[in-house]
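Single-structure report; data block below.
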Amino acid sequence: MQRPRIPFLPGNTFRDPTKTDFRKSHTLGMKGGLPAACTEYNGIGGELSHTLHSRFSEEELEQGRDFLSTWTQQTELPVLGYIPAFVAYDKMVLSFKAYFRESVHESNAETYRVRLCLIDYYLEDDTICVLEPRRENSGIPQGVFLRRHRVPVEGGDPGQSMTLEDLAVGADVTIYGRTFHIYDCNGSTRRYLAEEHGREMAPAEPIPSDPHDTHRARIEFKAMTHPRSVDTKLRQFLKYDRNVLRFFCIWDDRQRMFGERLRYVLHYYLSDDTMEVVEVKHGNSGRDPFPTFVRRSKVPRTYTDLKDMSDGDFYTDADTYIGASLNIFNRTFLIVNCDDYTREHLRRKFGREDAPLDVEEYHPPPVARDIPPYLGLGKEEDTLATCFHLTPKPISKNFAKQLRSEHKILRFLARMETDHPNDIDRRFVVTYYLGDDSASVFEPPRRNSGMVHGKIIERARIKKPNSSMYYNLQDMYLGAVVVFQSRRFVLLDCDEYTKAEMQLHSECQQPDLARLEVEFRLRLFQDRASVLPALHHLVETQGPVASVAAFAEAVARVASPPTELELAALTAVHDPEHTGQFALAEFLERVEEAVALQDGGRTAEILTASQRLSEGTLSATVPTGAIECMETRPLRSTARLPENLLPHEEAALRTHLREKRAVVSRFVDKVLTRQSSLTAIFRNFTGPLSSRLDIATFQAKVRQLGIAPKQKDMELLTQHFFGAAGDIGYQGFVRGMNEEEKPLSFETSTAVLRS
């Protein structure tokens, strides 16, 4: 059935009612068992749409047929003599510039408009796209004027589409009833047509004038050249925007009952001649904090009612200067001062250079704050927090220091300054915790001492005597005297970790060698029965001056050998030139003076006399780095074995102590590997119903763990934990597990009796 020849426009097409075949066509198929391509493009139902004879010649198709009929697997593929159009012309677009005239009805200013367009021709599939560039304030939907597709030829055969031959500069192209005139094309389009098709495009044609554009240009020109009246307010705003004058004022309202003299700040905005008054807030003034006293507005010179706000007689910047009295809503404000920018503005504009007014201020006497005494409930810092705020606030803590030094503990060996003879030989371990600057005091046990050993002072932050300051790291050094709960302790020695940690902190003080020398003479006084004869014999053999090495050797033969720190203190006091010799006879006289004083029980006088001897001749500290050469032995090594032991007995005792230390260390490591909590370990040994650990239960648990398979190891471990007791509690078990809590432990108990 032949379709009628009507314009191919939307609404002008209709569906063939006799058509029953709606199968989609395809271009690839099989012929003779080989893939073949169809040369005809058919539409839906098999109707012929168009052919590819314009793309492929008959010779090229014949070569393809011969190749398919003679091809075998052994033959090589011949190189085809053509390239598909979608490959050869991919992304190649020719652009033509065109315009069309559109009639305008119902307008006196114009009868038509000239609309500029771009016609893009895609070589790969002969499709056309029409674009209209967007113009400002055009009032017309612009952009894609015609979407990309094959454009049929106006008045041509059905299926005939527009080709490149129909596009040329100066030609008229009719697309769907609208005629476009091509007046130019870009440079690449001209080169392609000249090189590939041999077509030379005509030169560009001028664009006809558009009455609408001419009319708008005339209107815009008049708007740009129209003279404007001078806007003084706008000029003032642009010149003085964000420029504010600041004056300090006083409102004296003391003539009224309960009136006061209050201070205010007046802001004058130069951009619009408005003013703002804000009140100066003082702490504990008893007044409600209003945000503004007068909000920003123009202020009339005289005010009786609201009509005065529109009279126009307002304050200006000429009325604001130092010494001026401004009546602001029936309140008199006296300007007493201004800032530097305001002073410079008044000088530059009005030539005023006023000095600030000296206004006498009344300052009430400060109220003394009485801090109530500490009642002992909670921490003292928490009690103080209730004195400074109505709502108590927690005291801020140094969490960084706590995290950094939580596990850092310094331990010092100390003695107590006392006049009681029974307390002279007592030794204590002062533990200082770097995390929170707290301290505790522990007394190691001694056999047959008659004293209750254990913790003397619980861990807490301790204040200095007659002061509100707490002890800190600067107060903990060798030779220092610290007062804990009315007890005076002298720090004599420390362990290796403490010495290494103190070297890392610059705030730590160096040892007080003068005090350590006095403590060394007091230690020699404790062994006077054996030390004094040995020193007298050394004076008789070597004279009044002896070497430090000979002195140390003589003391080591009859008593505990002096530590390196004690020798350094002895050298600093008696041999400041470091010659290696010192006055032994004079030193012996000082030791004998200590004997006479000690017989009277006046230990404090010994210290006073020793300090008086070293005053003015020795500094309380040593130079930086000197502590590095003063390495002392661990606290456990300061104890010594009994002197009445024979050589073979001494060797046996040392072997016994070494074996005991190894068994205890193996036990602690094994138990802590299973559980890290000492409470859980003790509960595992005793069971849930008992709070005491007896020897039988302890030995059964040890055999179960396989720590002491030998009977000798079991006896050593039992002696370490229980000693002469039949059972122990939690504190005794913890002391046995943690040797750091009692540096002078059970294995040195015999030596403590003589130390």
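Numbers here are sequence positions counted from 1.
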Might you point out which heavy atoms bring [X] and [Y] nearest each other, and give the distance in Å?
| X | Y | result |
| --- | --- | --- |
| Ser530 | Val558 | OG-O, 3.4 Å |
| Leu538 | Ala550 | CD2-O, 4.1 Å |
| Met451 | Asn422 | CE-O, 3.7 Å |
| Val555 | Pro562 | CG1-CD, 4.1 Å |
| Leu584 | Ala546 | CD2-CB, 3.8 Å |
| Ile456 | Val452 | CD1-O, 4.5 Å |

- Are the ring centres of Phe733 and Phe721 closer than 6.0 Å?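 Aromatic pair counts; centres sit under 6.0 Å.
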
- Query: Are Phe587 and Phe551 close enough that their ring centres sit under 6.0 Å apart?
  - Reply: yes

Side chains of [X] and [Y], heavy atoms from C-beta outward: is any pair under 4.5 Å?
| X | Y | answer |
| --- | --- | --- |
| Phe667 | Val702 | yes |
| Cys494 | Leu413 | no |
| Glu566 | Glu519 | no |

- Query: Under the salt bridge (charged side-chain N to carboxylate O under 4.0 Å, His left out) test, which residues partner Glu715, sequence neighbours left out?
  - Reply: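 Scan of Glu715 (salt bridge (charged side-chain N to carboxylate O under 4.0 Å, His left out), adjacent residues dropped) gives none.
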
- Sorted by chain and number, sequence neighbours left out, salt bridge (charged side-chain N to carboxylate O under 4.0 Å, His left out) with Arg683 holds for none

Determine whether a donor-acceptor pair (N or O, by modelled atom type, separation under 3.5 Å) exists between the side chain of [X] and the backbone of [Y].
| X | Y | value |
| --- | --- | --- |
| Thr386 | Pro392 | no |
| Gln699 | Ala696 | no |
| Thr697 | Leu693 | no |
| Gln474 | Glu507 | no |

- Message: Checking His537 now: which residues fulfil side chain to side chain donor-acceptor pair (under 3.5 Å) with it, not counting sequence neighbours?
- Response: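 Applying side chain to side chain donor-acceptor pair (under 3.5 Å) to His537 gives none.
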
- Taking only residues two or more places apart in sequence or in another chain, which ones pass side chain to side chain donor-acceptor pair (under 3.5 Å) with Ser438?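 Scan of Ser438 (side chain to side chain donor-acceptor pair (under 3.5 Å), adjacent residues dropped) gives Asp436, Arg459.
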
Indicate yes or no: does [X] engage [Y] in a salt bridge with an N to O separation below 4.0 Å.
| X | Y | answer |
| --- | --- | --- |
| Glu501 | Lys408 | yes |
| Arg426 | Asp423 | yes |
| Asp437 | Arg461 | no |

- Partners of Tyr730 by ring pair (Phe, Tyr, Trp, His ring centres under 6.0 Å), sequence neighbours excluded? Phe682

- Sole candidate of Phe484, Phe489, Phe412 that passes ring-ring contact (aromatic ring centres under 6.0 Å, His included) when paired with Phe428: Phe489

Can you tell me how far the [atom1] atom of [X] sits from the [atom2] atom of [Y], to the nearest 0.5 Å?
| X | Y | atom1 | atom2 | answer |
| --- | --- | --- | --- | --- |
| Phe399 | Arg404 | CZ | CZ | 14.0 Å |
| Met476 | Cys508 | CE | SG | 10.0 Å |
| Tyr470 | Asp475 | OH | CG | 14.0 Å |
| Leu410 | Asp495 | CG | CG | 8.0 Å |
| Thr498 | Leu491 | OG1 | CG | 10.5 Å |
| Arg487 | Thr418 | CZ | OG1 | 10.5 Å |

- Task: Evaluate the side-chain contact (heavy atoms from CB on, under 4.5 Å) criterion for residues Leu716 and His720: first the C-alpha distance (whole Å), next the side-chain angles of each, then the deciding distance (0.1 Å), finally the verdict.
- Result: CA-CA 6 Å; Leu716 293 175; His720 173 77; over 6 Å; no

Taking only distance into account, with no hydrogens and no angle test, what donor-acceptor pairs under 3.5 Å do side-chain atoms of residues 570-583 form with protein atoms, sequence neighbours excluded?
{"residue": "Thr571", "atom": "OG1", "partner": "Leu567", "partner atom": "O", "Å": "2.8"}
{"residue": "His574", "atom": "NE2", "partner": "Glu517", "partner atom": "OE2", "Å": "2.9"}
{"residue": "Asp575", "atom": "OD1", "partner": "His578", "partner atom": "N", "Å": "3.3"}
{"residue": "Asp575", "atom": "OD1", "partner": "Thr579", "partner atom": "N", "Å": "3.1"}
{"residue": "Asp575", "atom": "OD1", "partner": "Thr579", "partner atom": "OG1", "Å": "2.9"}
{"residue": "Asp575", "atom": "OD2", "partner": "Thr579", "partner atom": "N", "Å": "3.0"}
{"residue": "Asp575", "atom": "OD2", "partner": "Gly580", "partner atom": "N", "Å": "2.8"}
{"residue": "Thr579", "atom": "OG1", "partner": "Gln581", "partner atom": "N", "Å": "3.4"}
{"residue": "Thr579", "atom": "OG1", "partner": "Gln581", "partner atom": "O", "Å": "3.4"}
{"residue": "Gln581", "atom": "OE1", "partner": "Ser547", "partner atom": "N", "Å": "3.2"}

- Query: Arg427 and side-chain contact (heavy atoms from CB on, under 4.5 Å): which partner among Arg446, Arg415, Glu443?
  - Reply: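 Considering Arg446, Arg415, Glu443, a side-chain contact (heavy atoms from CB on, under 4.5 Å) with Arg427 is found only for Arg415.
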
- Message: Is it the case that over 12 heavy atoms from other parts of the model lie below 6.0 angstrom from the NZ atom of Lys712?
- Response: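 Result for NZ/Lys712: open.
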
- Message: Tell me whether Lys464 at atom NZ has more than 12 heavy atoms from other residues, nucleotides or ligands lying less than 6.0 Å away.
- Response: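 Atom NZ in Lys464 is packed in, count exceeds 12.
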
- Message: Less than 3.5 Å apart, any donor N or O on the side chain of Ser440 or Glu458 sitting next to an acceptor on the other?
- Response: no

